[in-house]
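In what follows, residues are counted from 1 in the order of the sequence shown.
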Amino acid sequence: MSTLENRSGKYRVIFYVGGQRFSRSLKTRIEREAIASIARLDDNLRRVEMGLLTPPAGADLASFLLSDGRIEKRLEIPAIRTMHALFENYFHSIPTGAIEASTENGMKIHVKHLERILGRSADIHILESVDLQRYIERRSHAKGLYGRPISAATIKKEIVTLRSVWNWSVNMGLLKRPFPNRGLRYPKLTEKPPFQTMEEIVQRIARGGLSKAQVADLWEAAFLTLPEIGELLEYVYEHARQPFIYPMFAFAAHTGARRSEMIRSEIMDIDFKSETVILHEKKRVRGKLSTRRVPLSPTLVTILKDWLQCHPGGSQTFCLSLKVLRSRKERACSGPVTVDEAHDHFKRTLANSKWSKLRGWHVFRHSFCSNCAATGLDQRIINAWTGHQTEEMVKRYRHLIPNQEQAAIQAVFGEYSSGIHYG
């Protein structure tokens, strides 16, 4: 309902009505008086929602609710006219846990570019398609990582962020006009390379002629064969600096789980009797926290049972203890591994190995899908185990491992070879 804040010793209340953010000083330094005020405000908000209390037209809503409806002043709703005000109201309205933290962070990066180019103080009531087209053109000439042009996919995501916030404002009654995106044109999309084995990538780089960006794209498309996964896990077992690292690597490799899903994973989700694990998703079903069930391999069952014997405590599957081994870092309590810690330990563990070029945890998801596809597993089963995937992503791994491709093409043409050779 409402939130109490202490600013420089004075208390202030923040609350939302119809998606609109209100902030009002309670003009007191005494906590019990502030708590009593917001209790009264929350009660009046409930009465308004139930139709038992109706603010008069033009009344100052905050004063009306704080005074049990006895004060009637002009309603002072801050007008949303600028680009910055539009985004500020949207992010303040997001309920806790409504969207992934990574998604929100990504949107805020988009907002920085939108405000930088379109202007923080740009009047959104006169924003037109021509303004958005200029934005697209300017971004398409900007340089990104490794000096490559900003991709059309990235630019589209930035426009989608603005559209999403705009449509939310329309639904909340804060804007009256539809999003002006009719006729927008983007640069052509560049198709990502198919997933490739490390051997293929090393050979392609050795031939030369590739830019840093192209090399990075190749490593982004790496997947590990089953023997390589086994070899990598042996290396991690020998070199892991923290107890959770080896079981987390094995979990990623044998389930295809996303990094965020492993961080959310809880011990109670693991069923050793049925040899399955439930993974908690946030993006597959819009507006709903969905789950999927993935079978556990015999190897992973053994690894997880051994890990739980020395687990530091807590409900999460992958935790760090109060005192982090080989580190000065100490925690107030044992808790789940964070996103930053997971990424740092991935890179740190593989830093001096032949796998140091691997970009992150998603390589195991690529590998899981590719190896399942290589065995001829039904695509519907792969989708059930890995969750929602776009057709573009499926296309990147739905191919055979190179030596199997050769066997397949020989099976087709080998018997009918003409035997003619040149040279």
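The ring-ring contact (aromatic ring centres under 6.0 Å, His included) check on H280 picks up nothing, with sequence neighbours excluded. Among residues two or more places apart in sequence or in another chain, the salt bridge (Lys or Arg N to Asp or Glu O under 4.0 Å) test is passed with R177 by E128. Considering only residues two or more places apart in sequence or on other chains, F249 meets the ring-ring contact (aromatic ring centres under 6.0 Å, His included) condition with F346, W361, F364. Taking H113 as the reference, nothing meets the ring-ring contact (aromatic ring centres under 6.0 Å, His included) condition, with sequence neighbours excluded. Considering only residues two or more places apart in sequence or on other chains, Y246 meets the ring-ring contact (aromatic ring centres under 6.0 Å, His included) condition with Y237.
Looking at heavy atoms from C-beta onward, R259 lies out of side-chain contact with H362 at the 4.5 angstrom threshold. N105 has its side chain out of reach of I109: every pair of non-hydrogen atoms, C-beta onward, lies at least 4.5 Å apart.
Of the charged side-chain nitrogens involved, at least one lies within less than 4.0 Å of a carboxylate oxygen, so that D217 and R148 count as a salt-bridged pair. In summary, D131 and R134 engage in a salt bridge, as defined by a charged side-chain N under 4.0 Å from a carboxylate O.
Distance CE/M268 to CD1/I270: 11.0 Å, rounded to 0.5 Å.
Nearest heavy atom pair, residue M262 against residue F318, reads O-CD1, 3.5 Å.
Sorted by first then second residue, the ring-ring contact (aromatic ring centres under 6.0 Å, His included) pairs that include residues 171-190, not counting sequence neighbours, are W166-F179.
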